[in-house]
Chemist: 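This is the structure, below, for whatever I ask next.
First the proteins, then the strands, lettered A, B, ... as listed; each starts at 1. What you are looking at is a predicted structure, and each value in this text was computed from that prediction instead of being measured.
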Number of protein chains: 2
Amino acid sequence: MSMSAKEAILAAAKDAAKAYGYGGLNFRDIAATVGIKAASIHYHFPSKADLGEAVAKRYWEDTAVELEAISAASPDPMQALHRYPEIFRTSLANDNRICLGSFMAAEYDELPEAVRKEVQSFADVNVAWLSKRLTEASIVRAENSEDRARAIYAAVAGAQIVARSRADIALFDQLIDSYRIAGLLPA
Amino acid sequence: MSMSAKEAILAAAKDAAKAYGYGGLNFRDIAATVGIKAASIHYHFPSKADLGEAVAKRYWEDTAVELEAISAASPDPMQALHRYPEIFRTSLANDNRICLGSFMAAEYDELPEAVRKEVQSFADVNVAWLSKRLTEASIVRAENSEDRARAIYAAVAGAQIVARSRADIALFDQLIDSYRIAGLLPA
DNA sequence: GCAGATCTATCTATCACATGGCAGATAGGC
DNA sequence: GCCTATCTGCCATGTGATAGATAGATCTGC
């Protein structure tokens with residue numbers, strides 16, 4: 001069951017990271033969640049940086065899968081775009097957690113380089129997916145789609161952090177609505 | 001010079017908070033910056049929560065002054081709105097710091113209630129100012145101006161954190177441009 | 001006007017606690 | 001007998017906080 005222990009550690013760490021960030025990750029709490037001792041985690045992940053890197057990598061991989069699921073279930077790019085904010089909404093709904101990309105901004109200085117790189121991949125995955133849908137939907141000209149995609153990603157991330165700091169998911173929904181009314185997101 | 005010591009502590013703490021957040025505030029570093037011993041800070045601010053509260057309060061007060069300065073210098077609300085992102089851009093330009101409002105989202109769980117309240121005031125000040133300009137400029141109907149103001153605040157905050165996590169202020173400018181093109185911000 | 005009391009602002013020294021990490025022992029399977 | 005996976009026990013570091021001492025300013029009563 002060695003793989004399942006490693007997976008369990010990763011899952012617990014991912015949960016903790018979405019709630020407290022990289023700095024908030026600590027071996028003792030993760031160990032307690034998994035049901036092992038703190039020192040045992042070092043066997044699977046030699047250092048905290050290694051653990052953080054693995055968490056961040058797994059995180060964007062999972063997100064990529066979720067995004068593909070959305071575009072598979074909604075072949076109409078317009079409808080896929082409409083569902084995009086769900087990704088961020090789910091974190092909030094799940095115990096007021098936020099995405100690692102936002103934690104990264106706060107913790108930028110103390111993040112090991114390898115962790116930074118993986119978290120940036122999260123943004124890249126989002127932007128690439130958005131860019132593709134925007135082009136498919138002919139919302140913007142292809143050469144501008146990446147700029148718009150980045151703007152949408154940043155704005156939705158902003159809505160998530162603002163909503164979190166009020167612990168108010170309805171505020172998130174309202175912000176997304178406002179983005180649609182203003183024209184940032186397709187209505 | 002008692003007042004100046006207190007002010008010096010507050011200034012050092014404000015700087016540190018914009019760089020590392022509330023969790024990153026620590027008595028020893030602040031004391032070293034000011035040139036006193038860590039224990040002496042407790043004389044002026046009994047606990048870390050008290051210091052954090054004072055920092056956050058001072059922070060939104062300063063921001064309110066900056067915003068008033070913008071609207072005083074630019075009586076045309078359209079022009080004042082154009083200058084709004086400056087507030088967030090300056091933090092980035094100043095050693096890649098970000099606003100306390102964004103840190104708050106990351107640190108929500110560990111923030112003392114009094115600190116939370118003061119940081120929320122920062123958002124309130126921004127939204128109130130934006131709402132007023134939007135109404136003056138007749139960009140949105142008065143009854144919708146607060147919703148739009150909130151959307152702008154969230155989006156600009158999002159641009160700031162995305163730019164910080166790439167340590168790339170040009171990205172911030174580009175995101176703001178995209179918001180204008182998309183119609184979220186007046187062109 | 002001045003001595004003694006009190007207040008202000010700082011210091012030194014220390015505490016309790018949490019953290020990441022490591023060394024070495026141990027049990028079980030191959 | 002070796003490899004895997006875990007354990008116990010420990011350490012160095014950094015944290016916020018407190019107690020108690022001290023030097024200097026300021027106030028108070030005679």
Chemist: In this structure, how many angstroms lie between the P atom of dT18(D) and the CZ atom of F45(B), rounded?
Modeler: 16 Å
Chemist: To the nearest Å, give me how far apart OH (Y43(A)) and C1' (dC7(D)) are.
Modeler: 14 Å
Chemist: Could you tell me if K57(A) sits above the aromatic ring of F122(A), with its cationic atom closer than 6.0 Å to the ring centre and no more than 45 degrees from the axis?
Modeler: no
Chemist: Would you kindly give the OH-to-P distance between Y20(B) and dG14(D), to the nearest whole Å?
Modeler: 15 Å
Chemist: Can you figure out which of dT12(C), dT4(D), dC7(D) approaches the side chain of I36(A) most closely?
Modeler: dC7(D)
Chemist: To the nearest Å, how far apart are K37(B) NZ and dA21(D) P?
Modeler: 20 Å
Chemist: Is it the case that K48(B) places NZ or CZ above or below the six-membered ring of Y22(B), under 6.0 angstrom from the centre and within 45 degrees of the axis?
Modeler: yes
Chemist: Run S178(A) and R150(B) through side-chain contact (heavy atoms from CB on, under 4.5 Å) and show every step you take.
Modeler: CA-CA 9 Å; S178(A) 297; R150(B) 259 192 275 272; over 6 Å; no
Chemist: Quick one: do the D50(A) and S47(A) side chains pair a donor with an acceptor below 3.5 Å?
Modeler: yes
Chemist: Is R89(A) close enough and on-axis enough to F172(A), meaning under 6.0 Å and within 45°, for cation-pi?
Modeler: no
Chemist: One character per nucleotide, please: for nucleotides 19-28 of chain C, 5' to 3', B when the base has a protein heavy atom closer than 4.0 Å, S when only the sugar-phosphate does, - otherwise.
Modeler: BBBB------
Chemist: May I ask you to check if R58(B) and W60(B) form a cation-pi contact, with NZ or CZ under 6.0 angstrom from the six-membered ring centre and within 45° of the axis?
Modeler: no
Chemist: Tell me the interatomic distance from I9(B), atom CD1, to dT8(C), atom C1', rounded to whole angstroms.
Modeler: 13 Å
Chemist: Between P on dT4(D) and NE2 on H44(A), what's the gap in Å once rounded to a whole number?
Modeler: 12 Å
